[in-house]
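Residue numbers start at 1 and run along the sequence shown.
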Amino acid sequence: MPRILVIEAGFEAPICEDIYEDWVRAPVAAHDLQARVDALMRRYHRNRSPHLDENGVLWFASQSVTLSPKQAELLMLLVDRFGEVVPREALRFQLGRDEGSMTRNALDLHMMRIRPRIQTLGLTVRTVWGRGYVLDADTQVAT
C-alpha cells in the first residue's frame, strides 16, 4: 500500500526502504505534497503492472526475465491488456505474421513454454476456455 509519512518539524527524518513509502516534513505546501503523491503513485503502478522493454525483457515488481523473440512478441499483446482476455485469434495472428498462419497447437505450445518463464516474476497466463488467454498477477505468489 503506498503511503506518505508526515514528519513534524524537529523530528528526525525516517529512512524509507520500501519503494511504496515516502515522507514530507510539516508544514508542506499543497503542490509539493501533490508532487510526492504523483511520484509515489507512478512508482507504485510501474511496479504493479508488467512492462516489456525493447530488448525482450519482461519487468514486474522490480524483477525481470529475458524472453525469446517469439515469447516477447506474444507477451506484448498480453502485457498491453494486462488482466484482460486476449483472444486466441489475435495471438495467433501476432505470432503468425512472419510465418504465415499459426496453428492452435503451436500457440498452446508457446504458452506452455511462457508460463514457467514468467512464474518467477509472480505472473501467470490463464486460459479462458473458448476465448483466449489472460496475463495476470499470480495471487499465490504475488504480495
Side-chain angles (χ1 to χ4, degrees), residues 1-7 11-143:
M1 177 70 66
R3 60 209 165 275
I4 294 184
L5 307 173
V6 179
I7 309 302
F11 284 86
E12 192 173 325
I15 297 172
C16 297
E17 294 180 358
D18 187 336
I19 64 169
Y20 303 134
E21 186 173 270
D22 202 350
W23 66 274
V24 294
R25 190 171 302 282
V28 60
H31 65 277
D32 288 343
L33 180 59
Q34 188 61 52
R36 290 284 179 104
V37 168
D38 292 345
L40 185 62
M41 292 311 294
R42 278 193 305 275
R43 195 164 53 237
Y44 177 75
H45 289 296
R46 185 175 58 242
N47 285 292
R48 296 308 303 162
S49 297
H51 168 72
L52 185 62
D53 71 18
E54 65 278 357
N55 297 312
V57 178
L58 181 63
W59 294 86
F60 183 67
S62 301
Q63 296 179 314
S64 66
V65 66
T66 303
L67 303 168
S68 74
K70 287 292 181 192
Q71 291 171 339
E73 215 175 312
L74 276 174
L75 278 170
M76 188 183 322
L77 288 175
L78 291 162
V79 165
D80 287 345
R81 296 182 59 187
F82 183 63
E84 299 175 21
V85 176
V86 178
R88 292 182 67 84
E89 291 308 311
L91 292 163
R92 285 178 57 197
F93 177 77
Q94 178 79 10
L95 198 58
R97 284 188 305 172
D98 300 331
E99 305 165 359
S101 67
M102 176 60 56
T103 68
R104 180 182 180 109
N105 287 344
L107 177 60
D108 292 341
L109 181 62
H110 281 288
M111 288 301 177
M112 183 182 76
R113 291 178 178 158
I114 285 172
R115 284 182 171 116
R117 297 278 304 147
I118 66 172
Q119 187 177 19
T120 59
L121 301 179
L123 292 172
T124 187
V125 174
R126 292 183 292 114
T127 302
V128 180
W129 296 109
R131 294 188 54 211
Y133 294 95
V134 175
L135 176 65
D136 214 345
D138 186 347
T139 56
Q140 295 176 349
V141 175
T143 57

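- Of the possible polar contacts, one joining the Gln71 side chain to the Ser68 backbone as a donor-acceptor pair under 3.5 Å is found.
- The minimum heavy-atom distance between Glu89 and Arg92, with the atom names listed, is OE2-NH1, 2.9 Å.
- Checked against side-chain contact (heavy atoms from CB on, under 4.5 Å), Ala26 has the following partners two or more places apart in sequence or in another chain: Val6.
- When side chains are defined from C-beta on, Leu121 counts as touching Leu58, because their heavy atoms get closer than 4.5 Å.
- Across all non-hydrogen atoms, the minimal contact from Glu21 to Leu40 is N-CD1, 3.8 Å.
- With sequence neighbours excluded, the residues forming a side-chain hydrogen bond (donor to acceptor under 3.5 Å, both in side chains) with Arg88 are Asp108, Tyr133, listed by chain and number.
- Side-chain contact between Arg126 and Asp136 is present, with at least one heavy-atom pair separated by less than 4.5 Å.
- A donor-acceptor contact shorter than 3.5 Å links the side chain of Arg43 to the backbone of Ile19.
- Of all the heavy atoms in Ala72 and Gly56, the pair that sits closest is CB-CA, 4.1 Å.
- When the side-chain contact (heavy atoms from CB on, under 4.5 Å) test is applied to Val57, the partners found at least two apart in sequence or on another chain are Asp53, Asn55, Trp59, Ser64, Thr66.
- Ring geometry, Phe82 versus Phe60: the interplanar angle falls from 30° to 60°, so the pair is classed tilted.
- Across all non-hydrogen atoms, the minimal contact from Val86 to Leu77 is CG2-O, 3.9 Å.
- Inter-residue side-chain proximity for Leu78 and Ile114 is flagged as unmet; no heavy-atom pair is nearer than 4.5 Å.
- Between Ile118 and Leu75 there is a side-chain heavy-atom pair separated by less than 4.5 Å.
- Paired with Leu135 under the rule side-chain contact (heavy atoms from CB on, under 4.5 Å), one option of Val79, Leu74, Thr124 passes, and it is Val79.
- Within 6.0 Å of the CZ atom in Arg115, the count of heavy atoms belonging to other residues, nucleotides or ligands exceeds 12.
- A donor-acceptor contact shorter than 3.5 Å links the side chain of Arg25 to the backbone of Phe11.
- Between Cys16 and Leu5, the shortest heavy-atom contact is SG-CD1, 4.5 Å.
- The salt bridge (Lys or Arg N to Asp or Glu O under 4.0 Å) search around Asp38 returns none, not counting sequence neighbours.
- Checked against side-chain contact (heavy atoms from CB on, under 4.5 Å), Ala39 has the following partners two or more places apart in sequence or in another chain: Arg42.
- Looking at Arg3 and Asp22, no side-chain N of the basic residue comes within less than 4.0 Å of a carboxylate O on the acidic one, giving no salt bridge.
- Evaluation of the side-chain contact (heavy atoms from CB on, under 4.5 Å) rule for Leu109 yields Met112, Arg113 as partners, not counting sequence neighbours.
- For the residue pair Pro14 and Ile7, the shortest heavy atom distance occurs at CD-CG1, 3.7 Å.
- For the pair Met41 and Pro2, the minimum side-chain heavy-atom distance is below 4.5 Å.
- Considering CG of Leu107 and CD of Gln94, their distance stands at 11.0 Å, rounded to 0.5 Å.
- With contacts defined as side-chain heavy-atom distances shorter than 4.5 Å, the pair Trp129/Thr127 qualifies.
- For the atom pair Leu67 CG and Leu52 CG, the distance stands at 6.5 Å (nearest 0.5 Å).
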